[in-house]
A.B. asks: 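Pasting a structure here, questions to come.
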2 protein chains.
Amino acid sequence: MLVTRLAAATTASALAQRLREAIDAGQWRPGELLRQEQIAAEYGVSRIPVREALAQLQNEGLLDVAHYRGARVSRPRAEEIDELFDLRLMVEGDLLVRALRQHDPRSLRELKRLQDALEDAEDRLGWISGDIAFHEALYGPAGRPRSLALFRQLRAPIDRFSVQALGPGTRKQGWADEHRQLIAAVAAGDAITARTILEDHLQATRAVVLAACAEQGES
Amino acid sequence: MLVTRLAAATTASALAQRLREAIDAGQWRPGELLRQEQIAAEYGVSRIPVREALAQLQNEGLLDVAHYRGARVSRPRAEEIDELFDLRLMVEGDLLVRALRQHDPRSLRELKRLQDALEDAEDRLGWISGDIAFHEALYGPAGRPRSLALFRQLRAPIDRFSVQALGPGTRKQGWADEHRQLIAAVAAGDAITARTILEDHLQATRAVVLAACAEQGES
DNA sequence: CATAGGATAATTGTATCCAAAATTTTCCCG
DNA sequence: CGGGAAAATTTTGGATACAATTATCCTATG
């Protein structure tokens with residue numbers, strides 16, 4: 001994957017990015033307390049950018065922050081995850097149909113390229129960021145910036161569990177197949193089929209994520 | 001309205017609230033630059049809570065913040081407002097239908113009470129906060145916290161223009177009528193009618209907001 | 001022995017101060 | 001007189017220092 005991660009403009013945003021990855025990677029478990037001082041020392045910065053990063057992650061739904069009481073990795077309940085998937089079905093379904101009309105040979109080539117890169121990714125984090133890139137390229141031609149931002153926002157609290165569920169010998173092959181079917185349907189301009197495939201894709205993901213969430217909830 | 005605004009736990013959140021109201025009230029115009037030092041002096045605090053409040057408002061989509069270049073009141077383009085209303089139609093439509101099944105005499109009484117309070121509100125800001133309260137009570141019984149949060153988020157960048165469009169002798173009466181029709185349809189358990197009324201309500205609001213936005217865009 | 005109360009420590013929120021970047025002004029040269 | 005480079009000013013981002021709040025632990029008491 002040749003995506004060069006451009007240097008963050010500010011310390012706070014760079015921190016937010018690294019903390020996001022750390023949470024996705026399971027470095028902090030749900031319910032665990034993130035101490036400002038500790039994070040500041042670990043990354044060699046002061047507490048000010050740490051606070052801004054934590055506020056950012058709270059806004060994304062990855063943390064629960066209470067006044068004077070610290071930030072904890074959020075532990076979404078099964079009903080909330082279910083709800084997030086219902087919202088994704090609405091938003092992404094709409095985006096897909098709108099984007100489908102705007103796709104052209106160039107954007108389709110890009111989509112295939114991203115899918116190839118995705119299947120070559122070796123580690124779990126690479127897989128997830130590749131999946132995000134694929135879907136953004138899929139929905140991008142719709143020209144709907146707020147919906148696209150919403151798509152990212154609805155995924156953020158969920159991806160953590162997807163990463164967990166991506167052990168070796170899991171649903172990886174079916175996932176890739178569904179992506180390729182999506183590309184084919186979009187190339188054919190078949191909105192109904194494309195939307196059906198996407199919905200099945202999301203329903204399958206929902207089941208996997210709910211299972212991973214339930215598993216983690218036991219600890 | 002007997003809602004006592006509880007004192008904010010922290011300076012930053014109190015500031016965010018006041019700035020939000022100031023922007024909704026048109027105290028700052030779209031594109032205008034918000035200086036940290038000036039706001040800090042105005043409210044008698046240091047720049048740290050100001051920065052956190054500005055970051056919060058940026059997350060809510062009311063401000064555009066550029067690195068080392070200050071925060072400006074966002075000036076959403078017409079297409080983005082259009083997009084936000086499309087999203088509201090999806091999310092609020094879904095919420096309404098789900099809530100409709102859960103409403104009971106008690107929640108309906110509360111809804112009527114809020115509508116009465118709304119019609120008694122004298123100033124524009126009171127009208128808007130009353131409208132938010134009404135819709136939250138309308139959707140609340142659905143038991144969908146993330147969707148409700150999304151509802152608030154989708155309104156935030158728009159309400160500013162609604163306030164503008166609420167001069168005397170405007171659509172206020174039609175607005176109230178639609179609310180009462182909504183209550184009646186929900187009380188009757190008629191999902192189809194309720195959803196239709198809500199969609200008309202939102203479409204009418206969309207037109208008003210787009211007009212206000214276009215008017216402001218000229219300056 | 002369990003528990004309420006209070007001192008103490010740990011942690012967060014805010015103010016003050018310094019560094020980096022951007023904007024404005026000034027000044028020189030064409 | 002106009003244009004552009006460079007210095008000065010302004011403004012933001014980050015570090016250090018202090019105050020406010022919460023959590024912990026110890027003791028005294030029923």
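In what follows, chains are A, B, ... by sequence order, proteins preceding strands, each numbered from 1.
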A.B. asks: Ignoring hydrogens and angles, tell me if any N or O in the side chain of E83(A) forms a donor-acceptor pair with the backbone of S147(B) under 3.5 Å.
C.D. replies: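 Yes; at least one donor-acceptor contact below 3.5 Å.
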A.B. asks: Can you tell me if Q38(B) touches the phosphate of dT11(D), counting only side-chain N or O atoms and a distance under 4.0 Å to OP1 or OP2?
C.D. replies: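 So the side chain of Q38(B) is outside the cut-off, no N or O lying under 4.0 Å from OP1 or OP2 of dT11(D).
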A.B. asks: Quick one: is R35(A) getting a side-chain N or O under 4.0 Å of the dA10(C) phosphate, OP1 or OP2?
C.D. replies: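 No.
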A.B. asks: Round to the nearest Å and state the distance from R51(B) atom CZ to dG13(C) atom C1'.
C.D. replies: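 After rounding, the gap between these two atoms is 14 Å.
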A.B. asks: dT12(C), OP1 or OP2 - any side-chain N/O from T10(B) closer than 4.0 Å?
C.D. replies: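 The answer is no; no side-chain N or O of T10(B) sits under 4.0 Å from OP1 or OP2.
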A.B. asks: Just to confirm, is there a sub-4.0 Å distance from OP1 or OP2 of dG13(C) to any side-chain nitrogen or oxygen of Q36(A)?
C.D. replies: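 Looking at the OP1 and OP2 atoms of dG13(C), one of them is under 4.0 Å from a side-chain N or O of Q36(A).
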A.B. asks: Look up atom CZ in F134(A) and atom CD1 in I183(A), then write down how far apart they are to the nearest 0.5 Å.
C.D. replies: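 Answer for the CZ-CD1 pair, F134(A) versus I183(A), is 4.5 Å.
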A.B. asks: Using the salt bridge (Lys or Arg N to Asp or Glu O under 4.0 Å) rule, take R144(B) and D86(A) through it: C-alpha gap first, then chi angles, then the decisive distance, then the call.
C.D. replies: CA-CA 11 Å; R144(B) 295 234 139 190; D86(A) 286 338; 3.1 Å; yes
A.B. asks: When you measure from the side chain of R47(A), which nucleotide among dT12(C), dG13(D), dT22(D) comes out closest?
C.D. replies: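 Between dT12(C), dG13(D), dT22(D), the one nearest the side chain of R47(A) would be dT12(C).
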A.B. asks: What's the closest nucleotide to the R69(B) side chain, out of dA22(C), dT12(D), dT14(C)?
C.D. replies: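 Shortest atom-to-atom distance from the side chain points to dA22(C).
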A.B. asks: Using heavy atoms to find the nearest nucleotide of DNA chain D for S46(A) and L33(B) separately, return the residue whose nucleotide is more 5′.
C.D. replies: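 Final value for this comparison: L33(B).
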A.B. asks: Between R160(B) (side chain) and A25(B) (backbone), is there a donor-acceptor pair under 3.5 Å?
C.D. replies: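 Judged by distance alone, no pair lies under 3.5 Å.
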